[in-house]
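What you see is a predicted model, and the numbers here were worked out from it, not measured in a lab. Chain identifiers are assigned alphabetically (A, B, ...) following the order of the sequence lines, protein sequences preceding nucleic acid strands; residue numbering begins at 1 within each chain.
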2 protein chains.
Amino acid sequence: MPERQSSRKDAIRNREAVLAAADALFTRRESPEDVTMADVAAAAGVGKGTLFRAFGDRAGLLRALYEARLEPIRQAVESGPPPLGPAAPPHDRVPALLDAVLCFKLDNRRLALALEEGGSSSPYRAEHYERWHSLLRAVLEQIPGPTDSDFTAHALLAATRADLIEHLAEEERMPRESMRAHLANFATRVLTSDPLQGLTTEE
Amino acid sequence: MPERQSSRKDAIRNREAVLAAADALFTRRESPEDVTMADVAAAAGVGKGTLFRAFGDRAGLLRALYEARLEPIRQAVESGPPPLGPAAPPHDRVPALLDAVLCFKLDNRRLALALEEGGSSSPYRAEHYERWHSLLRAVLEQIPGPTDSDFTAHALLAATRADLIEHLAEEERMPRESMRAHLANFATRVLTSDPLQGLTTEE
DNA sequence: ACAGAATCCGGACCCTGGGTCCGCTTCAAC
DNA sequence: GTTGAAGCGGACCCAGGGTCCGGATTCTGT
């Protein structure tokens, strides 16, 4: 994993160039899978060798882009104001988190798509998924009731899968706001279910 | 789209052979993506040309296998006894349907995985997804309350995505029965939420 | 049973796209 | 200025999906 920083200015410049070029390409092109690594290299005015040295492989490049874009939201979640930040009551925070994920993926559709469906190794092994999941799980745990937070967190996050979002937006022409409303509604329903009625989880 | 039946017996024999070989390969091999088309052809004792003529492309082969395996469940859903069949009350039928999907994907993990993550064109364009979705949606519609069935159906089905199932089973070592219990629990929670508490869906 | 036509067979072949290699250039430390 | 470590880039490699076509097989009409 060639992840360590170089101090050489050409290396740094090229890294930036690649990031910018890739970013542009992924947002412009229709489908993420017709952005080839050669395309990116060419658009950045760089050789393929350089590109692969900087990011390891395709997934590495995607990851780097994704993480960069994700940073602001990460901040907001970790230390921002309610309802996203840690001070928010769990019942509000869960829908807020899901809404944040949804909006992020709407704003970065192509990228999220490329990263999630990107073939080898499921999205569930990605660290950023791991982060969302464990956070959501922790928040769910603060809500009383016999809900099993682990599964619930997975199931809720599944509703924000990039290709589902894409399908709803592109095929079903569902507008952004109603998607948000539906997701919020869904999350709320999951949370506000009557605990007395819930099955006890066996095992 | 070379989908029409041939009357020639060699064609039919070869089609069967390919189906059988592919089935065997996909269940044996670790990851679906290291079953190549050439492998399948070889295992079936057939040339690649034959294989591609019979199924069009990789996705076509997968689809054919999948549909074949799905047939019994389809029967049970369309005309079987409750709680899967049409006679079941919606509140019971929804979890039953999801459970059926879950079990099916557990029993055909590799195949479902290959089909869903199979790169080009999202799983949401597949006819079998369309079928599950519209059925689930119809059943949800029979339940009173301001739930928007379309989105809810998508969200519930998302919890049965092949790669999530795979992750839970393989990485988190979650046993089959507790997965089923959790999913049932989740579905029930979605259904039994207090309608008075639900947000009205705007738009 | 036989000819002719239609269909199918199969593996050599093509092509795309991710990833590697290595001789040459550029940087920065002395 | 010298030097060697790091970086550069594009030619190259390879796997795997998909195509092609000469030859074999099967169907149909008589």
Side-chain angles (χ1 to χ4, degrees), chain A residues 1-22 25-26 29-65 110 113-115 117-121, chain B residues 1-22 25-26 29-65 110 113-115 117-121:
Chain A
M1 43 216 66
E3 269 306 316
R4 77 168 179 286
Q5 290 263 64
S6 160
S7 51
R8 277 178 62 156
K9 75 175 178 214
D10 53 352
I12 294 175
R13 180 175 41 77
N14 279 332
R15 188 185 167 89
E16 301 300 326
V18 166
L19 240 20
L25 280 182
F26 276 112
R29 291 274 235 280
E30 273 303 314
S31 165
E33 61 203 56
D34 50 49
V35 174
T36 80
M37 294 302 269
D39 285 343
V40 174
V46 145
K48 284 179 66 178
T50 304
L51 195 167
F52 279 96
R53 171 183 335 284
F55 298 97
D57 58 5
R58 181 173 234 260
L61 172 58
L62 274 316
R63 233 179 297 130
L65 277 172
R110 310 282 157 69
L113 217 43
L115 196 54
E117 68 167 35
S120 53
S121 84
Chain B
M1 43 224 67
E3 268 305 320
R4 76 166 179 287
Q5 290 262 66
S6 160
S7 50
R8 279 179 60 156
K9 77 177 179 216
D10 54 351
I12 295 174
R13 178 174 42 74
N14 279 332
R15 187 187 167 89
E16 301 300 325
V18 167
L19 240 19
L25 280 182
F26 276 111
R29 292 274 234 282
E30 273 303 313
S31 165
E33 61 204 58
D34 51 48
V35 174
T36 80
M37 294 302 269
D39 285 343
V40 174
V46 142
K48 286 179 66 178
T50 304
L51 196 167
F52 279 96
R53 171 137 8 76
F55 298 97
D57 59 6
R58 181 172 234 259
L61 172 58
L62 274 317
R63 233 178 296 132
L65 277 172
R110 310 281 156 71
L113 218 42
L115 197 52
E117 68 167 33
S120 53
S121 82

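Atom NZ of B/K9 sits about 12.0 Å away from atom CG of B/N14, to the nearest 0.5 Å.
In this structure, CZ of A/R29 is placed 13 Å from C1' of C/dG17, rounded to the nearest angstrom. In this entry the distance linking CG of A/D34 with P of C/dG17 reads 8 Å, nearest Å. If you measure from atom CZ of B/F52 to atom C1' of D/dG16, you get 9 Å, rounded to the nearest angstrom. As a whole-Å value, the separation of B/E33 CD from D/dG17 P is 10 Å. Counting to the nearest Å, the P atom of C/dT26 and the CZ atom of A/R53 are 15 Å from each other. As a whole-Å value, the separation of B/R15 CZ from C/dC8 P is 12 Å. Between B/E16 atom CD and C/dC9 atom P there is a gap of 13 Å when expressed in whole angstrom units. For A/I12 and C/dT26, the CD1 to P distance is 18 Å, given to the nearest whole Å.
In this structure, A/N14 reaches the D/dC8 phosphate: one of its side-chain N or O atoms is under 4.0 Å from OP1 or OP2. An OP1 or OP2 oxygen of D/dG17 is reached within less than 4.0 angstrom by a side-chain nitrogen or oxygen of B/R58. Taking side-chain N and O atoms only, B/T50 has a distance below 4.0 Å to OP1 or OP2 of C/dG10.
Of all non-hydrogen atoms in B/A21 and B/V40, the two that sit nearest each other are CB-O, 4.2 Å. Shortest non-hydrogen contact noted between B/F55 and B/V18 is CE1-CG1, 3.5 Å. Summarising the geometry of B/D10 relative to B/R8, their closest heavy-atom pair is OD2-NH2, 3.1 Å, with the distance given to 0.1 Å. Looking at every heavy atom in both residues, B/D34 comes nearest to B/R29 through O-NE, 3.3 Å. B/F26 and B/A114 get closest at one heavy-atom pair: CE2-CB, 4.2 Å.
Closest contact between the side chain of B/K48 and the listed nucleotides C/dC13, D/dG9, C/dC8 involves C/dC13. Distance from the side chain of A/T36 is smallest to C/dG18 among C/dG18, D/dG18, D/dG9.
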Might you work through the side chain to side chain contact (heavy atoms under 4.5 Å, CB included) test for B/M37 and B/R58, ending with a clear yes or no?
-> CA-CA 7 Å; B/M37 294 302 269; B/R58 181 172 234 259; 4.0 Å; yes

Within the sub-3.5 Å range, which N or O atoms of nucleotides 26-30 of chain D have a protein N or O partner, and how far apart are they?
{"residue": "D/dT26", "atom": "O4'", "partner": "B/R8", "partner atom": "NH2", "Å": "3.2"}

